[in-house]
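Note that the coordinates shown come from a computational prediction; the quantities given were computed from them, not determined experimentally. So you know, we letter chains A, B, ... as the sequences are listed, proteins then strands, and number each from 1.
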Amino acid sequence: MKNHRKSKSMNALSTPWNTQLRELAKRCQFLQALSLYPQMLRHGDRPNAFTFPFALKSCAALSHPILGGQFHGQIIKVGCIFEPFVQTGLISMYCKGSLVENARKVFDENFHSRKLTVCYNALISGYASNSKCSDAVLLFRQMNEEGIPVNSVTLLGLIPACVSPINLELGSSLHCSTLKYGFDSEVSVVNCFITMYMKCGSVNYAQKLFDEMPVKGLISWNAMVSGYAQNGLATNVLELYRNMDMNGVRPDPITLVGVLSSCANLGAQSVGHAVEFKIQASGFTNNPFLNNALINMYARCGNLTKAQSVFDGMPERTLVSWTAIIGGYGMHGHGEIAVQLFKEMIRSGIEPDGTAFVCVLSACSHAGLTDQGLEYFKMMKRNYRLEPGQEHYSCMVDLLGRAGRLKEAQNLIESMPIKPDGAVWGALLGACKIHKNVELAELAFERVIEHEPENIGYYVLLSNIYSDANNSKGVLRIRIMMKEKKLKKDPGCSYVELKGRVHPFIVGDRNHPQSDEIYRVLEELEAIIMQEFGKPKKDNREESNKDFFTGVGVHSEKLAVAFGLLNTTTGAEVVIIKNLRICEDCHLFFKMVSKIADRQLTVRDATRFHHFRNGSCSCKDYW
DNA sequence: CTAGGGTTAG
């Protein structure tokens, strides 16, 4: 009987206007939805409690709290503020527009809100997504004290408050208390915890949760894929992707974004290419996220032609698409193209953000466009009101430093309004290596290790600076320091990707099945180089395993190159990745080999890619 | 009210 009465009153509320409004909002056509409202008033129809939730939802989706505020006024006038859907709509709308205070006011001023689970849920989720973690938790506690029932949606809103490592403890205590509520078996809640642990860097916890799930949904798989990708565990991502396939789980665009990002980090172009195929076969071709990920993947794998063609083929390019292509050209030394694209982007009406500036500044730095870079740095603040962060200062120090303007770089650091971090000083240290400035290097090193005492890269860098200056005392001092701090340099690792298989090499490696042939190729190359270019500057080899140029074990880059030459045909691409900066000798070697062999050698310097550091350097299959 | 997504320097 009660139900009957209710549905009757609902029917009175669902006018044709409301139905249409709801349909448009459902289809995410928010602008069209909102345009119905003035039409409705012109027709003399009054809005009611069924109109506003969808109007507010549209304002929330468009992040338009000003328009939402006007609806708030109308709601008061019409007198339907006490409707639960209207209240939650208002709270959520203000939160999505970053006006959490307004949301709180709605909550506080309406006695009814404070008795409804949905209103608590809306505000808790709002606090969490506006990174007001403690407010979210406080409200959750209050909810418990007031005896308001908690449901799974409450948790889905609250858990994202703990997505930073500093909140891990809070997050895991929440996790424990969910057992009490009995929501630990709900897939959505577990998914949410998986993401939380991943974002806190607790990969093992996330994995445990995932493994123990009796029922996994696509989102569970995706949470793992993205989580691994975010934690730099690219090989785990590819493994999981393969498992999905074996379990008959069909990937969606979100899965593929994570997979592509991992391909980019590994330089695994052939897997990336297979993913592109999958995208086309699944009809995801116009997904902007996927296209951005493809641009990034091809660019990082050194295939700028493909990156450009994906970019050109996009129906609409976002700031991220531009950033990816600009960064791609920049990292491969095509600074002029990167700058050209940056200008084009601005001309097309897209405003650069901090990340876009990092890309263009680093592009200038790599291509020696020093003044251009300085100009952009000024422009950031002047034209776009963007405050430069640590990463921008690092780029600038690198830019000035590479150009040999060390004093200016140092002055820039000293003028910084924020305390420079390790990366900024590290950039100066790197510049000191290029320009052989021992004195400044010592200063920079001192500051660097205040911030990153465990980062061996910097110790090695200073040691090499001393070595260049024939300062054996200095070298020894650093070696002792490293020993005292128990820092051990992981061997540099280069690898070549061939037909979906990765072939890694470490210095002096003899483990590869083709090892004999590789060394034979290297010997041949040495002989040719000797003939064509004369004797290399250093030739103090004693054993056959020692490097042609450097006199130590054969560098991993060279082994990778030889392997690449051995297994690819003319014009093929050899991708080399190393976890420390590629040395000058190897650069020289690449140049010579490119001339002799007529191959395109793409060399990638990948300091950040550390997934092979502690692993064994044996071949690993992707598929 | 509600779980998963792209870009950056050294």
Check whether any side-chain N or O of [X] sits under 4.0 Å from OP1 or OP2 of [N], and answer yes or no.
{"X": "A/N296", "N": "B/dG6", "result": "no"}
{"X": "A/R317", "N": "B/dG6", "result": "no"}
{"X": "A/R402", "N": "B/dG10", "result": "yes"}
{"X": "A/H392", "N": "B/dG10", "result": "no"}
{"X": "A/S125", "N": "B/dC1", "result": "no"}
{"X": "A/K57", "N": "B/dT2", "result": "no"}
{"X": "A/K216", "N": "B/dA3", "result": "no"}

Can you tell me how far [atom2] of [N] sits from [atom1] of [X], to the nearest Å?
{"X": "A/E391", "N": "B/dT7", "atom1": "CD", "atom2": "C1'", "answer": "12 Å"}
{"X": "A/L341", "N": "B/dT7", "atom1": "CG", "atom2": "P", "answer": "18 Å"}
{"X": "A/M297", "N": "B/dT8", "atom1": "CE", "atom2": "P", "answer": "14 Å"}
{"X": "A/L294", "N": "B/dG5", "atom1": "CG", "atom2": "C1'", "answer": "14 Å"}
{"X": "A/L361", "N": "B/dT7", "atom1": "CG", "atom2": "P", "answer": "19 Å"}
{"X": "A/M196", "N": "B/dT2", "atom1": "CE", "atom2": "C1'", "answer": "17 Å"}
{"X": "A/Y376", "N": "B/dA9", "atom1": "OH", "atom2": "C1'", "answer": "17 Å"}
{"X": "A/N191", "N": "B/dT2", "atom1": "CG", "atom2": "C1'", "answer": "12 Å"}

**OP:** Using modelled atom types only, decide if a donor and an acceptor are shared between the side chain of A/N231 and the backbone of A/M198 within a distance under 3.5 Å.
**Re:** yes
Original post:
Do the side chain of A/N110 and the main chain of A/S113 share a donor and acceptor less than 3.5 angstrom apart?
Top reply: no
Heavy atoms only, 4.0 Å cut-off, all strands: where does [X] land among base, sugar-phosphate and nothing?
{"X": "A/D353", "value": "nothing"}
{"X": "A/N287", "value": "base"}
{"X": "A/Q230", "value": "sugar-phosphate"}
{"X": "A/A423", "value": "base"}
{"X": "A/T318", "value": "base"}

Original post:
Ring centres of A/Y393 and A/F377 under 6.0 Å apart?
Top reply: yes
Subject >> ring pair (Phe, Tyr, Trp, His ring centres under 6.0 Å) partner of A/W322, the single match among A/Y329, A/F357, A/F311 >> reply: A/F311
Original post:
When A/H175 is tested against each of A/Y205, A/F183, A/Y197, A/Y181 for ring pair (Phe, Tyr, Trp, His ring centres under 6.0 Å), which residue passes?
Top reply: A/Y197
Nucleotide nearest [X] when distance is taken to its side chain, options [options]:
{"X": "A/N292", "options": "B/dG4, B/dT8, B/dG6", "answer": "B/dG6"}
{"X": "A/S188", "options": "B/dG5, B/dT7, B/dA3", "answer": "B/dA3"}
{"X": "A/S261", "options": "B/dC1, B/dA9, B/dT7", "answer": "B/dT7"}
{"X": "A/C395", "options": "B/dG5, B/dA9, B/dG10", "answer": "B/dA9"}
{"X": "A/Y458", "options": "B/dG10, B/dA9, B/dC1", "answer": "B/dG10"}
{"X": "A/T355", "options": "B/dT8, B/dA9, B/dG6", "answer": "B/dT8"}

Original post:
If you look only at pairs with a residue in residues 112-123 of chain A, which of them pass as a salt bridge (charged side-chain N to carboxylate O under 4.0 Å, His left out), with sequence neighbours excluded?
Top reply: A/D108-A/R114
Original post:
salt bridge (charged side-chain N to carboxylate O under 4.0 Å, His left out): which pairs involve residues 206-233 of chain A, sequence neighbours left out?
Top reply: A/K208-A/E212
Subject >> Distance-only donor-acceptor test, A/N291 side-chain atoms vs B/dG6 base atoms, 3.5 Å >> reply: no
Subject >> Centroid distance under 5.5 Å and plane angle under 30°, A/F289 vs B/dG5 >> reply: yes
